[in-house]
Amino acid sequence: MEKKQINLQIDRHFLTVPQGTTLLEAARKVGIDIPTLCHIDLKGTCVKNRPASCRICVVEVEGRRNLAPACATLCTEGMVVRTSTLRVMNARQAVAELILSDHPNNCLTCPKSGNCDLQNLALRFNIRQMPYNGGEHSARKRELTSSIVRDMEKCIFCRRCESVCNDLQTVGALGAVERGFHTTIAPAFDRPLTESECTYCGQCVAVCPVGALTERDYTGRLLDDLSNPDKVVIVQTAPAVRAALGEEFGLPAGTLVTGKMVYALRELGFDYVFDTDFAADLTIMEEGAEILSRLTRFLRGDTSVRLPILTSCCPAWVNFFEHHFPDLLDIPSTARSPQQMFGAIAKNYWAKKMGISREKLVVVSIMPCLAKKYECDRDEFKTDEQPDVDYSLSTRELARLIKRANIGFTLAHDSPFDNPMGTSSGASAIFGTTGGVMEAALRSVYEAYTGRQLANVNFEQVRGLEGVRRATIDLDGFKLKVGIAHGLGNARHLLEDIRNGRNEYHVIEIMACPGGCIGGGGQPLHHGNSEVLYARANALYREDANKPLRKSHDNPYIKVLYEEFLGHPLSHQSEQLLHTHYFNKSTDAQLSCTATQQLIDICKRHGNDPGELINILHEAQHLQGYLPEETQRIIATQLGIPVSRVYGVVTFYTFFTMKPKGKHPISVCMGTACYVRGSEKLLEEFKRTLGIEVGQTTPDGRFSLDCLRCVGACGLAPVVLIGDKVYGRLQPTEVKRVISEITD
């Protein structure tokens with residue numbers, strides 16, 4: 001049904017837009033650029049965040065007293081809007097100055113310098129002085145993981161990372177916690193990322209407008225290795241990198257820069273420049289053989305075969321199902337990712353042929369993905385604690401390194417990869433886009449299963465950027481049902497169907513990032529422009545079409561590798577070097593069966609409705625006296641929401657506690673009315689008398705002390721609650737008497 005059309009005026013431009021269009025979207029239709037900070041909408045990929053919290057995008061609407069946030073205000077018939085009045089300009093500048101007041105001014109050394117939305121706004125608004133100083137800075141320390149760096153001093157609380165982590169990826173690793181000046185974005189229970197459900201997909205980094213979330217930078221380590229005469233340093237480059245790297249040098253999105261990239265890597269000093277596409281062809285050989293093996297056994301009536309088989313090239317996706325679907329760990333393919341297959345072959349086959357010791361060889365990868373950094377560090381990909389791939393750089397890191405080395409990238413001549421690990425097929429090139437791994441596998445599986453050559457190697461039915469795609473492939477009469485998903489939220493839907501017995505697939509490809517690797521967390525920032533992803537995908541399909549070889553099993557160097565070293569796909573040697581196993585990383589609740597069932601019953605009484613979360617938490621706390629981590633995890637599971645959201649609510653409202661309370665919990669109201677009438681002095685007297693601080697319990701377990709913001713009895717201020725009893729107009733001199741009157 002066609003939407004109703006709305007007529008309005010923006011800055012004297014008359015336009016017509018569909019009903020439901022925001023002022024921001026309408027303004028962009030006529031080329032008016034309204035500045036934003038918290039807003040992002042990557043159309044076609046479900047990446048959306050518009051909390052209207054920053055107020056940078058305010059505009060003047062005729063007939064409205066206050067300024068309206070353009071990102072969250074819908075167009076109405078006859079609306080007259082002004083986006084550049086003095087009132088609007090002054091309001092935007094004041095908001096930006098307030099945000100800057102509690103933001104560190106270390107732009108020169110910030111990893112996001114030059115690519116920071118807040119920095120760009122300061123330039124746009126001509127902010128040259130800081131009228132507001134001494135704002136609140138985060139007490140949380142900078143956190144460094146193998147993939148991601150968190151610096152909460154720089155967080156502007158736009159909540160983009162929270163939206164992408166919870167709504168798009170459904171990982172639930174990040175959420176808003178605490179309240180007031182203590183508010184921050186953090187994993188549940190304020191744990192480090194390494195102890196959370198984080199998959200290191202890097203989508204939070206990709207959407208962060210400032211330097212609060214950045215990638216772990218390994219360029220310094222690389223330069224040390226390149227300068228070391230005792231090291232042989234080789235590099236592999238993923239397919240998605242060559243479709244995006246040119247953007248960092250002013251080239252249009254989707255410009256293939258494969259030859260220029262190889263030239264630049266040689267100029268940087270790498271001893272050999274290889275192609276991850278070679279390992280992608282190898283992955284298809286192993287993963288394709290595994291698909292055929294399971295299908296053959298399934299068709300013979302083997303009921304022990306687990307289907308569908310899931311592709312396992314994406315480390316963020318692997319981490320996701322290890323955390324959230326540990327009961328399905330035997331379903332995914334055991335084939336390693338191309339990055340790790342390359343490292344294993346480089347250090348166990350190529351190095352020996354070249355007479356290079358494992359200790360002397362440094363294997364570096366250039367990847368579009370931040371999870372690849374984490375993958376390098378996984379213990380199962382190490383021999384004697386030495387990684388198969390020593391470390392990984394993102395596309396952005398490589399671009400910075402090329403600029404630092406003053407290499408004229410756009411003027412560079414095309415240079416070829418080194419062999420044998422530089423030759424690849426078109427099938428491997430499309431690994432970088434959603435559906436590409438599936439299409440590459442189908443080209444080989446089809447010919448191996450039917451014994452016939454494909455007349456057309458293009459499986460158009462698995463291409464596109466829809467979140468979930470389905471296709472049926474005719475394999476000589478057998479209808480092979482395949483599914484493709486990109487974005488972990490879409491993956492969750494597929495996995496829950498499998499878990500609940502609603503499986504309709506034989507093979508599934510899943511990639512963690514929007515668009516697949518082309519939209520990886522380490523790629524040049526798209527700034528909400530989904531056309532960039534389409535351009536990168538089309539570039540990889542062009543590379544595939546122009547390759548002389550289009551199928552992985554036709555790669556001559558892959559054939560030599562099996563003849564000389566591996567034997568055949570799924571051989572013992574292949575199993576040892578090219579396959580892996582998975583781990584149960586779920587966090588199980590440790591409450592008793594009775595307590596767990598009571599919590600489940602509470603949730604059921606409220607219809608397992610996330611909207612009833614506060615009421616459920618009240619009942620749970622009344623039942624147990626407090627809300628420990630295990631309780632919150634059970635509630636999150638029953639309501640189907642991230643535990644970070646539950647924890648955020650628990651830490652926001654002062655009447656919830658994660659610590660056991662005393663037999664007689666004392667709560668002093670610190671709301672405005674009570675505070676004005678002396679509740680602060682009252683609180684100090686309770687602390688002196690009981691010998692404890694707020695949030696603590698007396699050693700004998702009789703009393704605990706907390707604060708409340710409001711109990712709805714302002715006429716009785718100052719108010720104190722002891723258990724369920726309300727003490728109104730209480731004075732500090734009465735504290736000892738009240739305590740002494742309480743009997744056990």
Listed by chain and number, what are the salt bridge (Lys or Arg N to Asp or Glu O under 4.0 Å) partners of Arg64, not counting sequence neighbours? none
May I have the step-by-step check of salt bridge (Lys or Arg N to Asp or Glu O under 4.0 Å) for Asp377 and Arg216, ending in yes or no? CA-CA 13 Å; Asp377 209 34; Arg216 174 81 176 268; over 6 Å; no
State the [atom1]-[atom2] distance between [X] and [Y], to the nearest 0.5 angstrom.
X	Y	atom1	atom2	result
Cys110	Glu153	SG	CD	12.0 Å
Ile185	Arg160	CD1	CZ	13.0 Å
Ile616	Leu627	CD1	CG	11.5 Å
Leu370	Cys513	CG	SG	8.0 Å
Thr697	Lys663	OG1	NZ	14.0 Å
Thr637	Ile600	OG1	CD1	9.0 Å

Hey, are the side chains of [X] and [Y] touching, using non-hydrogen atoms and a 4.5 Å cut-off?
X	Y	result
Phe686	Val720	yes
Leu690	Ile666	yes
Leu108	Ser113	no
Asn115	Leu525	yes
Val88	Thr83	no
Pro111	Val149	no
Val17	Glu25	no
Leu123	Arg128	yes

Looking at [Y], is its backbone amide N or carbonyl O close enough to the side chain of [X] to form a donor-acceptor pair, meaning the two atoms are under 3.5 Å apart?
X	Y	result
Gln632	Val643	no
Ser704	Gly662	yes
Gln696	Glu693	yes
Glu322	Phe583	yes
Thr651	Gly648	yes
Arg702	Ile742	yes
Thr698	Phe703	yes
His622	His618	no
Ser644	Gly172	yes
Thr36	Cys57	no

How close do [X] and [Y] get, counting heavy atoms only, and between which atoms?
X	Y	result
Asp102	Ile99	OD1-O, 3.0 Å
Tyr200	Leu193	OH-O, 3.8 Å
Ala673	Cys714	CB-CB, 3.9 Å
Ala96	Ile127	CB-CD1, 3.7 Å
Ala27	Ile10	N-CD1, 3.8 Å
Val650	Phe656	O-CB, 3.6 Å

Would you check, one step at a time, whether the test side-chain contact (heavy atoms from CB on, under 4.5 Å) holds for Cys201 with Gln169? CA-CA 9 Å; Cys201 69; Gln169 301 295 67; 3.5 Å; yes
Within a radius of less than 6.0 Å around [atom1] of [X], do more than 12 heavy atoms belonging to other residues, nucleotides or ligands occur?
X	atom1	answer
Tyr727	OH	yes
Glu62	CD	no
Tyr675	OH	no

Kindly determine whether Tyr374 and Ile148 satisfy side-chain contact (heavy atoms from CB on, under 4.5 Å), including the steps that lead there. CA-CA 9 Å; Tyr374 147 82; Ile148 295 172; over 6 Å; no
Regarding Glu685 and Lys681, does a basic nitrogen lie under 4.0 Å from an acidic carboxylate oxygen? no
Assess the side chains of Glu619 and Asn615: does a donor N or O sit below 3.5 Å from an acceptor N or O? no
Is it true that the side chains of Gln624 and Thr631 contain a donor and an acceptor less than 3.5 Å apart? yes
Run the side-chain contact (heavy atoms from CB on, under 4.5 Å) check on Val205 and Arg396 step by step: do they pass? CA-CA 12 Å; Val205 176; Arg396 293 193 296 266; 3.6 Å; yes
What residues, two or more places apart in sequence or in another chain, satisfy ring-ring contact (aromatic ring centres under 6.0 Å, His included) together with Phe189? Tyr647
By ring-ring contact (aromatic ring centres under 6.0 Å, His included) - contacts of Tyr626 (at least two apart): none
Chi angles and distances behind the side-chain contact (heavy atoms from CB on, under 4.5 Å) call for Thr73, Val81: CA-CA 11 Å; Thr73 303; Val81 182; over 6 Å; no
Only one of Lys112, Lys154, Arg150, Gln203 passes side-chain contact (heavy atoms from CB on, under 4.5 Å) with Cys208; say which it is. Lys112
